[in-house]
Q: 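Would you mind keeping the following structure in view while I ask a few things?
When a ligand or atom number is given, it counts from 1 through the structure's own listing order. What you are looking at is a predicted structure, and each value in this text was computed from that prediction instead of being measured. Only this structure's heavy atoms are used, side chains among them; waters, hydrogens and symmetry mates stay out.
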Amino acid sequence: MSDTGVMSSAPGPSVPPLRVLELYSGIGGMHFALNSCGVPAEVVAAVDINTTANHIYAHNFPLTPLWGKSIEGIQLGDFNQLSIDVILMSPPCQPFTRLGLKRDVVDQRTKSFLYVLELLPRLSPPPRFILLENVKGFEESCARNALVEALDQCGYSYKEIMVSPTSVGIPNSRLRYFLIAKHSDEDFCANAHSKILECFPVHAEPGVCEQSTEAPHQPQGPFLYKLETAEEVQKKLQQNQDPSIRQIQDFLEPNVDLDQYLLPPKTLLRYANILDIVRPICRRSICFTKGYGRYVEGTGSVLHTSPKAQMEAVFRGLAELSEEQRLERLQTLSLRYFTPREVANLMGFPLTFEFPEDVPLKQRYKVLGNSLNVVVVSKLLQILLS
Ligand SMILES: C[S@@+](CC[C@H](N)C(=O)[O-])C[C@H]1O[C@@H](n2cnc3c(N)ncnc32)[C@H](O)[C@@H]1O
């Protein structure tokens with residue numbers, strides 16, 4: 001493969017590579033997925049307004065034209081000049097997150113996406129394929145309704161899928177909404193979009209799933225230790241015993257500088273009870289969000305690196321101890337953050353992915369948290385494009 005991401009095709013009558021527009025390109029999760037999906041394709045333009053993300057994107061894809069401007073400021077003619085075959089996009093998800101205000105189409109951050117929908121019927125030639133990624137919650141939004149309406153009007157067939165990296169054997173939860181669409185000239189099962197699939201569609205049979213994914217659950221008290229219910233503990237145990245999912249240790253760096261990544265005493269004392277703690281032999285971790293390393297609750301798992309200390313023993317009766325004793329006990333676990341490289345590994349980024357040296361640690365976590373699982377998207381692209 002060349003530096004531009006163009007896959008070299010086998011000798012014989014050559015099919016020109018698909019011309020791909022990557023909107024909301026961030027650090028290039030879609031581009032990496034495209035490169036690994038096995039279909040000859042070239043990103044002819046990537047668009048994003050975030051300067052840090054663009055710096056990282058340009059470092060990894062120096063030859064790809066990167067438009068550092070807002071999508072709604074780009075004219076139809078500029079897009080049409082690109083002769084686009086494929087649109088890949090992950091619009092901002094804050095207007096749709098379950099815990100957010102859910103301002104949906106009235107949120108300013110949805111404006112550019114509505115502009116894309118407005119442009120869709122006027123793109124010439126019409127893109128043959130579209131892939132969109134967003135958070136769980138998007139499926140019940142007005143923005144999603146506007147999207148499927150535009151697709152119907154423009155003659156696309158589509159499938160909606162909700163999957164997590166656990167379905168490709170990666171020990172990380174990141175349940176996301178995907179929509180894959182083909183223009184009617186392409187062969188795609190017509191009535192395939194009646195319901196949201198909770199697994200990868202099997203190529204030939206729409207609505208048939210390859211394997212099931214994690215089920216949503218609502219924990220019920222009482223808590224055991226560490227503010228965890230018996231049900232939560234049971235679920236984690238089950239996840240850790242699922243041999244179809246790899247172990248966390250396969251995604252770790254060999255020599256991590258503990259001084260840089262150990263949780264500071266303040267964090268340990270204040271938040272120990274709500275940390276999601278995993279060991280290298282575990283087969284699970286929670287979703288890494290853009291606040292990882294800055295905030296604690298629900299932003300991503302931390303790693304228990306000491307092989308000797310037992311979690312249960314450390315947490316049992318902890319509340320009754322003095323601050324000094326609590327800290328001493330907690331420190332025996334040697335809890336550390338995952339490094340950005342390890343987070344990238346768990347998000348399916350290839351080893352060729354690199355951060356430029358000048359990007360600070362918190363920014364690295366932030367852009368990764370905004371990105372996507374490359375292996376999951378690559379698999380969806382195989383289904384869509386081949
Ligand atoms: C969910 S992230 C997409 C991340 C990307 N797929 C990746 O792999 O990193 C959304 C991105 O949209 C960008 N963005 C938001 N509004 C935009 C706009 N109006 N025009 C261009 N980019 C925008 C943000 O800077 C952010 O990088």
Q: What residues sit with at least one heavy atom under 4.0 Å from ligand 1?
A: Y24, S25, G26, I27, G28, G29, D48, I49, N50, K69, S70, I71, E72, S90, P92, S112, N370, S371, L372

Q: Please list all pairs meeting ring-ring contact (aromatic ring centres under 6.0 Å, His included) that have one or both residues in residues 319-345, counting only residues at least two apart or in different chains.
A: F288-F338, Y292-Y337

Q: Quick one about E312 and Q310 (side-chain donor to acceptor, distance below 3.5 Å, no hydrogens or angles considered), yes or no?
A: no

Q: Judged by modelled atom types alone, do Y271 and E297 share a side-chain donor-acceptor pair under 3.5 Å?
A: no

Q: Please list, chain by chain and in numerical order, all residues satisfying side chain to side chain contact (heavy atoms under 4.5 Å, CB included) with S112, sequence neighbours excluded.
A: Y24, I71, E72

Q: Return the set of residues passing salt bridge (Lys or Arg N to Asp or Glu O under 4.0 Å) with E22 (not counting sequence neighbours), or none when no residue passes.
A: none

Q: Going by an N to O cut-off under 4.0 Å, is there a salt bridge joining E140 and K102?
A: yes

